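First the structure, in the form of structure tokens, and then the observations on it.
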There are 2 protein chains.
Amino acid sequence: MGKILVIDDEPQIRRFLRIGLTAKAYDVLEANTGVAGLELSALESPRLVILDLGLPDMDGIEVLKSLREFYHGPVIILSVRNREQEKVAALDAGANDFVVKPFGINELLARIRVLLRAGSDAPSVFAEYDDGVIQLNVLQRKLVVNGRPVHLSRKEFDLLKLLMEYQDRVLTQQQILDRLWGKTHVQDTHYLRILVGKLRAKLGDEASAPRFIETEPGVGYRFLSNRNEP
Amino acid sequence: MGKILVIDDEPQIRRFLRIGLTAKAYDVLEANTGVAGLELSALESPRLVILDLGLPDMDGIEVLKSLREFYHGPVIILSVRNREQEKVAALDAGANDFVVKPFGINELLARIRVLLRAGSDAPSVFAEYDDGVIQLNVLQRKLVVNGRPVHLSRKEFDLLKLLMEYQDRVLTQQQILDRLWGKTHVQDTHYLRILVGKLRAKLGDEASAPRFIETEPGVGYRFLSNRNEP
DNA sequence: TGAATGTGTAAAGAAACCGTAAATTCGGGG
DNA sequence: CCCCGAATTTACGGTTTCTTTACACATTCA
């Protein structure tokens, strides 16, 4: 049926979930800390993640945000607290659902079915990119080009990651601006041109004969995956 | 921001939702019975539906099932009852979320954002065209004719995509002009002729013996799908 | 036949768009 | 508080794309 990752520090909750999930033929992976959970997600590409907000090693929302750097599958949040503020924060940070403990296993299973039903067919994990020429590590936010490490600023990195994630597809200027600057700046296309310029310079790319980032005039940019060159 | 339909018989709940939703710039439609709600959904194609299970005229689950016969957007269920059985039934009948009354407006708004966010990158109706001779990839914005990549400008691409989308059917000049230039330019048919000319040139087509784009004099243009040629 | 209308190319002009450089402001760390 | 890298703003030259203008040709219909 698919792998489901449970990130929770309470053994009895994990047991409760393990029993309920395996009964429905899901494969259950378990982690008892945020760090272990993040590692497992990147490694195993689970179909869905269940994340308890009350972890001992990291703040739950931080785990979620880190997870969303590379994991795009559905995430269900568990919490003992029923504060609206916390729900809104988690949902806006990228969670797909929020379930307050205690909860019935059947409700949780139904919510899982809803999310898997709607699931996309795109790969759920984008943790690294590597064709012989250019390597990007999303977790460490590090880039290597032709064997040389290249330092990127925050926005430069986010832009490159976004383009690589949708390689060969054109991302419109509006899509990029929305993602990097927020909806309030979707018309400040000038920011974007400058950022692309800086990124190209660091990649050793040139606009007139692009090997990495290609301009689609009036539309947006695309990252090229097929490089045919010396 | 998009139309949201509220199906609820209690005026105070509708008012509560109307205020909260319009404050976030959603357009709110309202229905106080199941029948009225189904009619409005079919008529208005809202971006999202909020459905109360306790309606006077029909059983809530039945409304949901009927709705799902034709409506595929997100549906949030409201209910005063907190029985697990009911939640499971609703979620399995096609609901995307289930919120128990009383609830905070901010949580509901956050859950709405989650559902609208998920549906935003839904697969486009028309993503690709390919007969042995000509291939168009909409997401990559790439065109290949007889194995050779051909670059199209923005308007050229939009025009070709539109024609291919309605292959073998005639699109009137007005329809095309409206779609590409907006209603203010529906009479500037010169634009269109020039654009068609450029597109034909890039496709290797000629107006007198069209293989791809055929002129329907006095009416418009059509893209030919059945090519019988050497 | 000949005006009127519709269509197809070509080329010039205008506008929008892109890329780079450099100056200025912002913000976090020491 | 100062410093440095990052982010934003300003300025400008070059290019593509879009729009406008011009004209030849075909078809229709009076």
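Keep in mind it's a predicted model, so treat the numbers as computed, not measured. Naming: A, B, ... by sequence-line order, numbering from 1 per chain.
- Atom CD of E216(A) and atom C1' of dT17(D) are 12 Å apart (whole Å).
- Nearest-nucleotide mapping onto DNA chain D: of K202(A) and Y191(A), the residue sitting toward the 5' end is K202(A).
- Nucleotide dT9(C) holds its C1' atom 15 Å from the CG atom of L199(B), rounded to whole Å.
- Side-chain nitrogen and oxygen atoms of Q173(B) include none within less than 4.0 Å of the OP1 or OP2 phosphate oxygen of dG6(C).
- With hydrogens and angles ignored, a donor-acceptor pair closer than 3.5 Å exists between the side chain of H190(A) and the base of dT10(D).
- Note on R141(B) versus E216(A): no salt bridge recorded, every NZ/NE/NH1/NH2 to OD/OE distance being 4.0 Å or above.
- Here dC18(D) presents its C1' atom at 14 Å from CG of L192(B), a figure rounded to the nearest Å.
- Of the charged side-chain nitrogens involved, at least one lies within less than 4.0 Å of a carboxylate oxygen, so that E107(B) and R111(B) count as a salt-bridged pair.
- Distance, K198(B) NZ to dT16(D) P: 13 Å, rounded to whole Å.
- Within the 4.0 Å cut-off from OP1 or OP2 of dT7(C), at least one side-chain nitrogen or oxygen of R193(B) is found.
- Between S153(B) and dT16(D) there is no side-chain N or O to OP1 or OP2 distance below 4.0 Å.
- Between Y221(A) atom OH and dC17(C) atom P there is a gap of 12 Å when expressed in whole angstrom units.
- Residue W181(A) has a polar side-chain atom (N or O) positioned under 4.0 Å from OP1 or OP2 of dT8(D).
- At the heavy-atom level, T215(B) lies under 4.0 Å from the strands shown only through sugar-phosphate atoms.
- With sequence neighbours excluded, the residues satisfying side chain to side chain donor-acceptor pair (under 3.5 Å) with Y129(A) are D131(A).
- Atom C1' of nucleotide dG5(D) and atom CG of L152(A) are separated by 14 Å, given to the nearest angstrom.
- Between R193(A) and D188(A) there is no salt bridge, since no side-chain nitrogen of the basic residue lies less than 4.0 Å from a carboxylate oxygen of the acidic one.
- Residue contacts for H185(A): at a heavy-atom cut-off of 4.0 Å it reaches no nucleic acid atom on any strand shown.
- Applying the side chain to side chain donor-acceptor pair (under 3.5 Å) test to Q167(B) and every residue at least two apart in sequence or in another chain returns nothing.
- Separating the CG atom of L195(A) from the P atom of dA21(C) is a distance of 15 Å, rounded to the nearest angstrom.
- I194(B) places its CD1 atom 11 Å from the C1' atom of dT7(C), with the value rounded to the nearest Å.
- Checking dG19(C), dC18(D), dT16(D) against every side-chain atom of R200(A), the shortest atom distance belongs to dG19(C).
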